[in-house]
Structure formats: structure tokens, C-alpha cells
Amino acid sequence: MYRSFCENKPVFMDAKSIATGLAPPFAGSNSFQICKQHVKEILLVSDDEIKAAVSMLYKIGLVVEPSGAAAFAAIVGEKINLEGKTVVVIITGGNVSPEELCHIIH
């Protein structure tokens with residue numbers, strides 16, 4: 001969706017990411033139009049930042065798939081100024097295999 005926002009139209013992408021749920025091959029036209037109406041900004045996080053977030057959450061007892069940890073990765077990676085703000089981060093998804101989780105946290 002980020003590239004679609006940059007180009008102001010839905011585009012196809014060859015996205016490779018550990019967060020497979022956030023890396024579809026294209027932005028659908030309906031999704032793009034809804035996001036253009038309601039989304040102010042899209043923040044990008046790297047696979048390494050997502051891995052760090054998944055590991056951090058695992059250490060406190062949460063098993064979270066990479067896509068579900070992306071917003072948390074943006075927060076801990078200081079991608080946004082939170083000073084003076086009350087923030088809620090929705091952490092979702094347990095769609096991660098034990099093998100993938102071991103690879104991420106080690």
C-alpha cells in the first residue's frame with residue numbers, strides 16, 4: 001500500500017517480507033480507495049525491526065506473527081513521536097509456526 005500511496009494509484013509490487021500478511025502482490029482498488037480516505041500516513045518497518053518486536057513480545061509470553069507485530073515494531077523503533085500521547089497498539093495473530101518463531105527469536 002505504501003507504494004500505491006506514493007504513486008497515488010493501486011500498483012503491483014514484488015514485496016518480500018517476513019510479514020507476509022502485509023506484503024500482498026498488489027493493492028486492491030477498493031482497499032486503496034478506503035485507505036486514501038481514512039489513512040493519514042503509512043509507516044515502514046524493516047524485517048529486522050519486526051523480528052526484534054516479535055522477540056520482545058515472545059520474551060513477555062506473547063506468541064505473535066510478524067504481521068501482527070509490525071505496529072509494535074514502529075512504536076519501539078521510535079518511528080513516531082509519542083510524547084504527550086496516549087497510545088494503543090493492537091497486537092494480533094498467532095499464525096506463526098514453531099520453526100519460524102525459533103528462527104525469528106534466535
Side-chain angles (χ1 to χ4, degrees):
M1 189 62 71
Y2 179 80
R3 276 198 40 220
S4 294
F5 262 55
C6 291
E7 296 186 29
N8 202 33
K9 64 181 180 181
V11 297
F12 284 87
M13 297 162 279
D14 186 22
K16 303 283 189 248
S17 174
I18 191 169
T20 56
L22 298 176
F26 61 91
S29 59
N30 289 338
S31 298
F32 175 74
Q33 291 305 321
I34 291 168
C35 286
K36 284 301 282 185
Q37 287 179 328
H38 301 287
V39 174
K40 181 179 176 181
E41 180 181 13
I42 296 175
L43 301 173
L44 299 180
V45 291
S46 70
D47 280 359
D48 286 341
E49 290 169 315
I50 291 172
K51 288 178 186 179
V54 169
S55 294
M56 194 178 303
L57 293 167
Y58 182 79
K59 288 176 184 172
I60 62 168
L62 298 174
V63 175
V64 179
E65 68 183 77
S67 297
F72 183 69
I75 297 297
V76 297
E78 300 179 349
K79 300 279 182 168
I80 187 168
N81 179 8
L82 303 177
E83 189 174 331
K85 297 178 183 174
T86 300
V87 177
V88 175
V89 177
I90 299 173
I91 299 170
T92 63
N95 188 22
V96 58
S97 70
E99 296 80 17
E100 182 183 15
L101 187 60
C102 284
H103 178 73
I104 291 170
I105 64 174
H106 289 112

For the OG atom of S17 and the CG atom of D47, what is their distance to the nearest 0.5 Å?
4.0 Å
Above 12 or not: heavy atoms from other molecules or residues under 6.0 Å from CD1 of I90?
no
Could you tell me how the ring of F12 sits relative to the ring of F26: parallel (under 30°), tilted (30 to 60°) or perpendicular (over 60°)?
tilted
Atom NZ of K59 with >12 non-hydrogen neighbours under 6.0 angstrom:
no
When rounded to the nearest 0.5 angstrom, what is the spacing between NZ in K9 and CD in Q33?
13.5 Å
Spatial distance of atom CD (E99) from atom CG (L101) [nearest 0.5 Å]:
9.5 Å
Nearest 0.5 angstrom please: E78 CD to N81 CG, how far?
9.5 Å
Would you mind reporting whether E100 and P66 have side-chain heavy atoms less than 4.5 Å apart?
yes
Would a 4.5 Å heavy-atom cut-off, applied to side chains only, mark N8 and F32 as touching?
yes
Atom OH of Y2 with >12 non-hydrogen neighbours under 6.0 angstrom
no
Passes side-chain contact (heavy atoms from CB on, under 4.5 Å), F72 versus V64? Steps please.
CA-CA 11 Å; F72 183 69; V64 179; over 6 Å; no
Can you measure from NZ (K51) to CE (M56) and round to the nearest 0.5 angstrom?
15.0 Å
With no hydrogens and no angle check, is any side-chain donor or acceptor of N95 less than 3.5 Å from a backbone partner on E65?
no
When rounded to the nearest 0.5 angstrom, what is the spacing between OG in S29 and NZ in K36?
14.5 Å
Counting N and O atoms only, with roles assigned by atom type, does the side chain of T92 sit under 3.5 Å from a partner on the main chain of G68, one being a donor and the other an acceptor?
no
With a 4.5 Å cut-off on side-chain heavy atoms, are I104 and Y58 touching?
no
